[in-house]
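When reading the values below, keep in mind they use all heavy atoms of this one structure, side chains included, and skip hydrogens, waters and symmetry mates. These numbers come from a predicted model, not from an experiment.
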Amino acid sequence: MDPLMDLNSRYVAIMNAIFSAQRSMVPIDSCLLGAQHSAFLQQASYITGGVYLKPQQLDGLFQYLSTVFASDLYSRNFLQLPKPVGVDFRASCFCHKNTIDMGYICSVCLSIFCKHHKNCSTCGSVFGQAQTNAPSTSNQKRKTPET
């Protein structure tokens, strides 16, 4: 999986796959060969009980792949597998792809944004509109207390 993929178009489908794997008790293993860690793959492996591995040296890559990732789930109980160290649970905003601590979330598709938008760029939902039939306070006449 390319860590630089366009999450705007694939985020919902990938998150649905991760949660389906979690519900089905299927671990997602990740072996990252890039220069930087992938918070998204760390989270996917952590949520599903899989292994996240970023080998320090590529010389032993075959050994990593054959022992860690090729072993069945039962055999993994007897192996010293890499433990998740400092999983980054922060999200990346969809607008700038920056890691953020706080943001705005679309209540329909769960897309994350660093700034408020009028519409969700993923699903097109309009932000900030209440779904109620009650008249707004600006349309109601203000009553003054009778003395």
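Note on Ile112 and Ile18: same hydrophobic cluster, where clusters join Ile, Leu, Val, Met, Phe, Trp and Tyr whose side-chain heavy atoms are under 4.5 Å apart, directly or indirectly. With hydrophobic clusters built from ILVMFWY side chains whose heavy atoms lie under 4.5 angstrom apart, Val26 does not share a cluster with Ile47. In the hydrophobic clustering of ILVMFWY residues, with side-chain heavy atoms under 4.5 Å counting as a link, Val108 and Tyr104 come out apart. Under the 4.5 Å side-chain contact rule for hydrophobic residues, Leu32 and Leu53 do not share a cluster. Residues Met25 and Leu73 do not share a hydrophobic cluster, defined by chaining ILVMFWY side chains whose heavy atoms lie under 4.5 Å apart.
Here Asp72 pairs with nothing under the salt bridge (Lys or Arg N to Asp or Glu O under 4.0 Å) rule; sequence neighbours left out.
Listed here is the closest heavy atom pair of Val87 and Tyr46: CG2-CD1, 4.0 Å. The minimum heavy-atom distance between Ile100 and Cys93, with the atom names listed, is CD1-CB, 4.1 Å. When all heavy atoms of Ile28 and Ala44 are compared, the closest pair comes out as CB-O, 4.2 Å. Closest heavy-atom contact between Asp29 and Ser45: C-OG, 4.1 Å. Cys95 and His117 make their closest contact through SG-NE2, 3.7 Å (heavy atoms, listed as atom of the first residue, atom of the second, distance). Heavy atoms only, all atoms of each residue included: Cys109 and Ser111 are closest at SG-OG, 2.9 Å.
Using a 4.5 Å cut-off on side-chain heavy atoms (C-beta onward), Asn119 and Phe127 make no contact. Between Ser30 and Gln42, every side-chain heavy-atom pair lies at or beyond the 4.5 Å cut-off. For the pair Val126 and Lys118, the minimum side-chain heavy-atom distance is 4.5 Å or more. By the 4.5 Å heavy-atom criterion applied to side chains, Phe113 and Cys120 are counted as neighbours.
Counting non-hydrogen atoms of neighbouring residues, nucleotides and ligands closer than 6.0 angstrom, the CZ atom of Phe69 exceeds 12 such neighbours.
Classification of the His37-Tyr52 ring pair by plane angle, with boundaries at 30° and 60°, yields tilted.
We find the CD-NZ distance between Gln36 and Lys54 to be 9.0 Å, quoted to the nearest 0.5 Å.
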Atom pairs and distances, donor-acceptor, side-chain atoms in residues 56-67, under 3.5 Å, two or more places apart:
unit_1	atom_1	unit_2	atom_2	d
Ser66	OG	Phe62	O	2.9
Ser66	OG	Gln63	O	3.3
Thr67	OG1	Gln63	O	2.6

Worked check of side chain to side chain contact (heavy atoms under 4.5 Å, CB included) between Leu79 and Ser71: CA-CA 9 Å; Leu79 296 174; Ser71 60; 3.6 Å; yes
